[in-house]
Student: 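The structure that follows is given in the form of structure tokens.
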Amino acid sequence: MDIEETTVTPAQPSGFWASYGKLWKHTPGSAAYLIVAFALAMTAVSVLAAMFWAGVGLLILIVGVPLIVVTLIVARGFGVADRYLLRLTGLADIAEPEWDHDDPTRTSLWYTLSRPLRGAHYWLYLVHGMIVSPIVATVTFALTTVWLSLSLGGLTYWFWSAFLPSGNGGRWGHYVADAMPRIFGGWASETVEVVLFLVAGVVFAFTLPWVMHGLARAHHGIARGMLGRWRSDDLATEVKAEAAARGAAVQAEDAALRRLERDIHDGPQQRLVRLQLDLAAVERRAEAGDNEGAVEISREAMVHAKAALDELRALSSGVAPPLLQDRGLAAALSALAAGTPLVVGVDVDPAVDAAASSEVARTVYFIAAELLTNVVKHAQATGANLTVSLRSAPDRMLDLWVVDNGRGGAQLREGHGLEGLRARVAGLRGVLEVDSPAGGPTTVAVHIPLSDR
């Protein structure tokens with residue numbers, strides 16, 4: 001009897017002590033950050049205040065504006081350093097803001113150099129470095145030193161109190177013993193002090209993780225609001241990506257049209273011209289009564305006509321075959337693989353027909369056709385695999401792989417076919433990757449994001 005083995009994942013500890021232990025794990029990093037952040041804040045306020053007010057004072061001169069620009073750039077540097085230091089606390093990373101919101105059509109030198117003056121993030125970083133961070137860092141540094149001093153000093157007072165100068169110990173113990181005779185009656189004042197410091201050390205040490213975590217979270221919250229990424233940054237990035245995708249799509253489409261025009265000119269058009277000349281020759285032979293010559297030329301004309309038709313079909317299949325419109329992407333890719341003059345294994349998720357828009361389906365078909373054509377022409381392969389699948393995490397993507405057993409050595413180079421495919425994929429905000437070591441195999445992967453439909 002077979003017994004199925006199962007893997008049991010150990011339960012994660014939970015409860016008060018588990019969470020308390022996690023806080024202790026990040027306490028050294030939080031304490032280190034709070035101390036270093038104070039030094040960073042004091043340095044920042046000294047440097048930024050001197051540079052900024054010097055720039056303001058020199059605004060009447062030309063050098064004032066460049067000095068303020070440099071100040072904003074330096075403020076950005078201090079803010080970035082603060083964000084990276086916050087990683088010591090174990091809290092979540094703060095996303096980098098979008099610094100460039102400029103119009104990409106404007107490329108003048110002054111417009112580029114004055115970008116910090118127009119960037120809200122630069123000014124917010126300056127306010128953080130000159131005003132907010134020094135104030136907050138001073139308060140948190142004071143509380144940090146108090147808690148660390150009382151925690152470590154209270155727990156170790158029993159040891160180092162013996163090295164205090166004579167006459168300086170026992171004073172507080174004497175006052176407490178007199179005030180609380182029921183508890184400390186008959187105790188030596190030095191012993192009372194040791195007990196009091198020990199109790200204080202235990203209390204402050206026990207609460208140290210919460211205090212350090214709370215102070216670090218205060219810095220983190222302020223930094224996330226002032227130094228972090230805004231929703232408008234995501235929108236600006238989205239707009240830039242869309243603009244770049246549109247530009248790449250236009251360039252890829254223009255290149256594809258130019259290549260189609262060249263292919264038509266070099267292939268079917270030349271054959272049609274030859275067919276026209278053959279038909280004229282047939283007409284002359286028929287008028288002259290040379291029927292055998294007319295028949296011979298007619299046979300040659302039929303060969304050229306068939307070749308022109310085959311070339312036109314091949315060219316049209318790379319644009320938008322009727323099968324893609326009628327039966328969907330999965331059926332069109334299967335037919336494409338079946339028509340390729342080598343053994344092609346096909347694994348296409350049927351769900352791609354419903355998931356991919358007509359634009360994505362047309363692009364995926366074109367890319368698959370081009371990749372298989374490249375395999376036939378250049379790879380010296382005997383077989384290939386075509387795989388199309390969908391994934392939903394973390395984003396909805398369509399993945400296409402073409403793997404051949406050829407000689408390898410394929411590269412993304414300017415002006416070559418794979419670079420044109422990469423531009424076409426970029427038009428859909430996708431990515432094309434090539435892995436083709438010498439000797440093969442060659443793997444071309446295409447990942448295209450799918451919008452919600």
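Numbering starts at 1 and runs along the sequence shown. In what follows, every heavy atom counts, from backbone to side chain, and hydrogens, waters and symmetry copies are set aside.
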Student: So, using side-chain hydrogen bond (donor to acceptor under 3.5 Å, both in side chains) as the criterion, who are the partners of T442 when residues are at least two apart?
Tutor: S436
Student: Taking only residues two or more places apart in sequence or in another chain, which ones pass ring pair (Phe, Tyr, Trp, His ring centres under 6.0 Å) with F206?
Tutor: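 By the ring pair (Phe, Tyr, Trp, His ring centres under 6.0 Å) rule, F206 matches Y20, W210.
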Student: Show me the donor-acceptor pairs within less than 3.5 Å that the side chains of residues 42-71 make with the rest of the protein, sequence neighbours left out.
Tutor:
{"unit_1": "T43", "atom_1": "OG1", "unit_2": "A39", "atom_2": "O", "d": "2.9"}
{"unit_1": "S46", "atom_1": "OG", "unit_2": "M42", "atom_2": "O", "d": "2.8"}
{"unit_1": "T71", "atom_1": "OG1", "unit_2": "L67", "atom_2": "O", "d": "2.7"}

Student: State, with a plain yes or no, whether a side-chain heavy atom of L386 is found less than 4.5 Å away from one of L333.
Tutor: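 With C-beta onward as the side chain, the pair touches.
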Student: Can you list everything that forms a side-chain hydrogen bond (donor to acceptor under 3.5 Å, both in side chains) with W147? Sequence neighbours excluded, please.
Tutor: T207
Student: Not counting sequence neighbours, which residues clear side chain to side chain contact (heavy atoms under 4.5 Å, CB included) with A205? List them please.
Tutor: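 Scan of A205 (side chain to side chain contact (heavy atoms under 4.5 Å, CB included), adjacent residues dropped) gives S151, L155.
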Student: Sequence neighbours excluded, which residues qualify as side chain to side chain contact (heavy atoms under 4.5 Å, CB included) partners of A95?
Tutor: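 For A95, the residues satisfying side chain to side chain contact (heavy atoms under 4.5 Å, CB included) (neighbours in sequence not counted) are R229.
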Student: Take H128 and L124 through the side-chain contact (heavy atoms from CB on, under 4.5 Å) test and state the conclusion after the steps.
Tutor: CA-CA 6 Å; H128 179 270; L124 205 56; over 6 Å; no
Student: Given side-chain contact (heavy atoms from CB on, under 4.5 Å), test V444 with E433 step by step and report yes or no.
Tutor: CA-CA 6 Å; V444 180; E433 300 172 345; over 6 Å; no
Student: As an exercise, state the distance from CG of L91 to OH of Y33, rounded to the nearest 0.5 Å.
Tutor: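 Those atoms lie 9.5 Å apart.
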Student: If only atom types and distance count, is the side chain of H213 paired as donor or acceptor with the main-chain N or O of L208 below 3.5 Å?
Tutor: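 It does not hold such a pair.
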Student: List the residues meeting salt bridge (charged side-chain N to carboxylate O under 4.0 Å, His left out) with R217, not counting sequence neighbours, and say none if there are none.
Tutor: none
Student: Please tabulate, one pair per line, all N/O donor-acceptor pairs under 3.5 Å involving side-chain atoms of residues 129-142, not counting sequence neighbours.
Tutor:
{"unit_1": "T138", "atom_1": "OG1", "unit_2": "P134", "atom_2": "O", "d": "2.6"}
{"unit_1": "T140", "atom_1": "OG1", "unit_2": "V136", "atom_2": "O", "d": "3.0"}
{"unit_1": "T140", "atom_1": "OG1", "unit_2": "A137", "atom_2": "O", "d": "3.1"}
{"unit_1": "T140", "atom_1": "OG1", "unit_2": "H219", "atom_2": "NE2", "d": "2.9"}

Student: Quick one, V431 and V446 - any side-chain contact, counting heavy atoms below 4.5 Å?
Tutor: no
Student: With sequence neighbours excluded, tell me which residues meet side chain to side chain contact (heavy atoms under 4.5 Å, CB included) with A381.
Tutor: V375, A379, D404, N405
Student: Are any of the side-chain heavy atoms of I448 and V364 separated by less than 4.5 Å?
Tutor: yes
Student: Does D347 have any salt bridge (charged side-chain N to carboxylate O under 4.0 Å, His left out) partners at least two apart in sequence or in another chain, and if so, which?
Tutor: none
Student: Quick check: closest heavy atoms across G228 and H121, and the distance to 0.1 Å?
Tutor: O-CE1, 3.5 Å
Student: List the steps, then state whether side-chain contact (heavy atoms from CB on, under 4.5 Å) holds for M226 with V127.
Tutor: CA-CA 9 Å; M226 299 187 70; V127 172; 4.0 Å; yes
Student: For the residue pair Y125 and D82, confirm or rule out a side-chain donor-acceptor distance under 3.5 Å.
Tutor: no
Student: Tell me every residue that passes salt bridge (charged side-chain N to carboxylate O under 4.0 Å, His left out) with R83, counting only those two or more places apart in sequence or in another chain.
Tutor: E96
Student: Please examine the side chains of L34 and F38, heavy atoms only from C-beta on, and report whether any two atoms are closer than 4.5 Å.
Tutor: no
Student: Decide yes or no on side-chain contact (heavy atoms from CB on, under 4.5 Å) for R396 and L390, but give the supporting numbers first.
Tutor: CA-CA 7 Å; R396 298 179 69 245; L390 299 173; over 6 Å; no
Student: Can you confirm whether L148 sits close enough to T145 that some side-chain heavy atom of one is under 4.5 Å from a side-chain heavy atom of the other?
Tutor: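 No, every pair of side-chain atoms sits at 4.5 Å or beyond.
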Student: Excluding sequence neighbours, so at least two apart, what forms salt bridge (charged side-chain N to carboxylate O under 4.0 Å, His left out) with D399?
Tutor: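 Here the qualifying residues are R391.
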